[in-house]
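This one's a predicted model, so the numbers in the text were calculated from it and none came from an experiment.
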Amino acid sequence: MNNLNEIPIKTPNEQWTDEQWQAIHASGSDMLVAAAAGSGKTAVLVQRIIDKVISKENPINIDRLLVLTFTNAAAAEMRSRINDALEKELLRDPSSAHLRRQVSLMNKAQISTLHSFCIEIVRSHFYKLDMDPKFKIANESDTALLLEESIEELLETEYASSNNTTFLRAVDSFSSDRSDDQFAKMLVDVYRASLSHPSPFQWLNGLVTPYQLSDDADITDLQVYPIIKQDIIFYLHAAVDRLKLAIEICNQGEGLEAFITTLLNDIDGIEQILQSLEVDWQKSSDLMAREIFKRAPSIKGDCCDVVAKDKVTALRKEAKNYVVTVSKMYFERDSKGSISDIREMGSVISTIAELVKKLHEIFTTAKSEKNIVDFNDLEHLALQVLTSVESGQFKPTDAAIEYQNYFVEVLVDEYQDTNNVQETIIQAIKKPTEKDGNLFMVGDVKQSIYRFRLADPSLFLNKYQTFEHVPSDHGLVIDLNKNFRSRKEVLDGTNYIFKQIMNKTVGEIDYDAAASLYYGAIYPDENAIELNLIDKGIANSQSHSEESTEDENHFEFEEEDLSSAQLEAKEMANRIRKMMDDNMTVYDTKLGEYRPLNYRDIVILHRSKSWYGEISEEFKKQGIPVYAELGKGYFATTEVSIIMSLLKIIDNPYQDIPLVAVLRSPLIGLNSEKLAEIRLAKVRAPFYEALLEFNKISLSNNIVGKKIERFLKRLENWIHYSKNNSVSSLIWEIYRETNYLDFVLGLPNGSQLY
């Protein structure tokens, strides 16, 4: 059992908070550290590791700790921090043989992602898996192609089978009348979902269970009924809230008293449905079939507050729409008809489960033939080494027990993003029980964003709810909620917003005192949070006015772009420009004093990378240096992709997309209208033939015609040049003839692009 008395007494000059100190030194049971953003969790994790290594009473070797991170970058950073900390300790005590040994052991230290650790397990125990030890890790493109081929093979086989009516019914149930693409995608989605479970086939077998209903079953007998009920209650409560707000407006407005009785009757009708949900579904259905919203009394506009009347009418309409939505979703069909439909779908779901099993076998065989494995394979292969199934339970094998005995502690970062397979692996290599366990988990369920990758935040939540804040037979939970990264006003604003929108219904956790962020940094003053609003109507009219003065080749943004990315980018750029022009100063925590604002002090946080490019372009136009992780890579940048497209058509000009990209680029500079004219020159032919035809009929004194004629001559020369010279020589020849490098240098931030 965890004993807090064993924690060293914290001296007054320690930099750590009480909670951080506890997270660093507590031991004796499994521990979950709920570390909020900016709470110093990495520093705590590193210090915990260092303290165990340099302990005077019970020092351990660094390779006896297993540290699992979420990404390779995080693992590299963790390894670097630990190594730096060990080097500092060695400078303090150069004579320590133990410390020198730890520095030398860093290369053997198990600090990696879980997948890297799984590779080590599989390579060390390949003989237990009947595998070739020279297997390779497949990249995503390889596995995506193999999976696509596997699904095609599966569907071709099933279509060719005679009397395969259940398969055809399953296809009809999940496909459009044009193709079975949606059905194939659904099979792949179910396949991937199955792999997030320790026993994929067992999980697939369980899919049909909710559809196995008795003849006298009711909606309330459905496995999903609690979700249905919660959804209905959510909508109906929203309707009641709108009606109550309407009553408040009636009480404040003039001449609206007659509305109140109608609104109260509306609320009463909805509350009757809410009460019946607790006891009788059929009664709820009967009540829903009634006309809940009676005709409202007629009130003349000159006898009441017209503005308030319009608000009340709008709120009542909104409430009615909520009720109508519930009625259409859940009450249009009678209970028996719905149950019959669900029961009939059982055979379809069973067929899908069997198809996914076949897909698994085909895909596994295809990978085996190439001697490759993917990340999912690594997890399940490691699970085979570490566990055996007895009476439906996963039991640690001898190999797992070896790991249990070897690792003094297992430390897991970003625990909120683990899935069930990863959890089973972790449980197999840690000490068996929670009260005397050696598992140290760090994470923040509020930052769990990988459910689409089948992460399971409930693993974190279950431990958070069962572990206790004091020593007990269960694990220990510690909250690190002091934020050392942000100013107080930022934290206050963040807490205010999330207290309104996050609860167990939305977000699976209450944003209470334990979940809130607390100010831990040291800034000498406070400022108010700014909220800048953009009037899209005014901004769009100004943008269109500015565009009208541009030449005909100006690229016009779509309306949505004008009202979002470009407008927000302009507002941000103007705000940054004003901050710099006003000689704003910022407090530097490292210097302990104010200094002039630098561009590198400013960061733009955005919900989507899709806008990064346009924000960067706007900043460049205004001369603001900017760096963005576009996630596209070198060859996807506009400046490089133009040359890549040109190289493609030099190799083969009968490639429409690269050809149009070059014609549209600054190398030629044709606009959409001219490209359309070229297409009309030869509608059904490849675009290159249309271009040749257009060149024949274009007037010699036409500017566009001369551009195309010059381009075609250059293209012919480049094609000839490419046959006798290297690619690098060809690229430099293109640069020389087109002055493309000079053009790039002339762009905003051109020196960086060059």
Side-chain angles (χ1 to χ4, degrees), residues 19 32-39 41 220 222-248 267 270-271 273-275 277-278 284 315 318-319 321-323 325-326 329-330 414-419 441-469 474-475 477-483 485-486 488-520 529 531 605 607:
E19 293 79 14
L32 177 67
V33 178
S39 61
K41 63 155 185 156
T220 55
L222 295 178
Q223 201 174 82
V224 295
Y225 179 68
I227 299 173
I228 294 173
K229 180 180 174 182
Q230 183 182 16
D231 203 33
I232 295 171
I233 291 172
F234 180 82
Y235 275 100
L236 295 185
H237 277 169
V240 170
D241 289 342
R242 298 303 184 276
L243 295 171
K244 287 181 178 179
L245 180 57
I247 291 174
E248 289 182 17
I267 292 173
I270 295 172
E271 287 184 340
I273 299 171
L274 286 168
Q275 291 168 7
L277 276 174
E278 301 297 330
S284 300
L315 286 168
E318 193 175 345
N321 287 339
Y322 283 137
V323 176
T325 299
V326 168
M329 283 196 299
Y330 299 115
E414 304 293 357
Y415 179 70
Q416 76 278 357
D417 291 320
T418 56
N419 63 33
M441 300 156 284
V442 183
D444 181 12
V445 74
K446 301 187 297 300
Q447 297 183 60
S448 181
I449 60 172
Y450 289 103
R451 182 165 276 176
F452 72 97
R453 291 183 182 174
L454 304 175
D456 187 358
S458 68
L459 296 170
F460 184 102
L461 286 170
N462 290 338
K463 286 184 173 61
Y464 188 81
Q465 291 161 3
T466 56
F467 286 15
E468 299 185 21
H469 288 81
H474 301 291
V477 62
I478 300 172
D479 290 307
L480 298 186
N481 47 26
K482 273 199 173 181
N483 180 287
R485 185 183 298 159
S486 304
K488 186 175 185 299
E489 56 269 29
V490 173
L491 300 180
D492 289 343
T494 302
N495 287 333
Y496 175 79
I497 291 171
F498 279 95
K499 281 178 182 176
Q500 318 305 313
I501 64 175
M502 184 179 284
N503 53 41
K504 285 189 177 179
T505 303
V506 181
E508 301 179 39
I509 185 173
D510 287 324
Y511 200 86
D512 53 16
S516 296
L517 297 169
Y518 293 88
Y519 181 57
I529 292 178
L531 176 63
L605 301 179
R607 65 183 176 274

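- Sparse packing is recorded around NZ of Lys482, with 12 or fewer heavy atoms of other residues, nucleotides or ligands lying under 6.0 Å away.
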task = Start with the C-alpha gap between Asn495 and Tyr511, add the side-chain angles, then the distance that decides, and say whether side chain to side chain donor-acceptor pair (under 3.5 Å) holds.
result = CA-CA 8 Å; Asn495 287 333; Tyr511 200 86; 2.7 Å; yes
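- By the neighbour-count criterion of 12 heavy atoms within 6.0 Å, atom CZ of Phe498 is sparsely surrounded, having that number or fewer from other residues, nucleotides or ligands.
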message = Please evaluate residues Leu274 and His237 with respect to the criterion side chain to side chain contact (heavy atoms under 4.5 Å, CB included), reporting the C-alpha separation (whole Å), side-chain torsions for both, the decisive distance (0.1 Å), and the verdict.
response = CA-CA 9 Å; Leu274 286 168; His237 277 169; 3.6 Å; yes
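- Here the closest non-hydrogen pair linking Leu480 and Ser39 is O-CB, 3.5 Å.
- Residues Leu491 and Ser486 approach most closely at CD2-CB, 3.8 Å, considering heavy atoms.
- For the pair Ala514 and Tyr464, the tightest heavy-atom approach, listed with the atom from each and the gap, is CB-OH, 3.6 Å.
- Note that CG of Leu459 is 11.0 Å distant from CG of Leu32, once rounded to the nearest 0.5 Å.
- The heavy-atom pair separating Ser516 from Lys499 by the smallest distance is OG-CE, 3.5 Å.
- Closest non-hydrogen pair, Leu277 versus Tyr225, comes out as O-OH, 3.3 Å.
- Heavy-atom neighbours of Lys229 NZ from other residues, nucleotides or ligands within 6.0 Å: above the threshold of 12.
- In terms of heavy-atom proximity, Val326 sits nearest to Ile232 at CG1-CG2, 3.9 Å.
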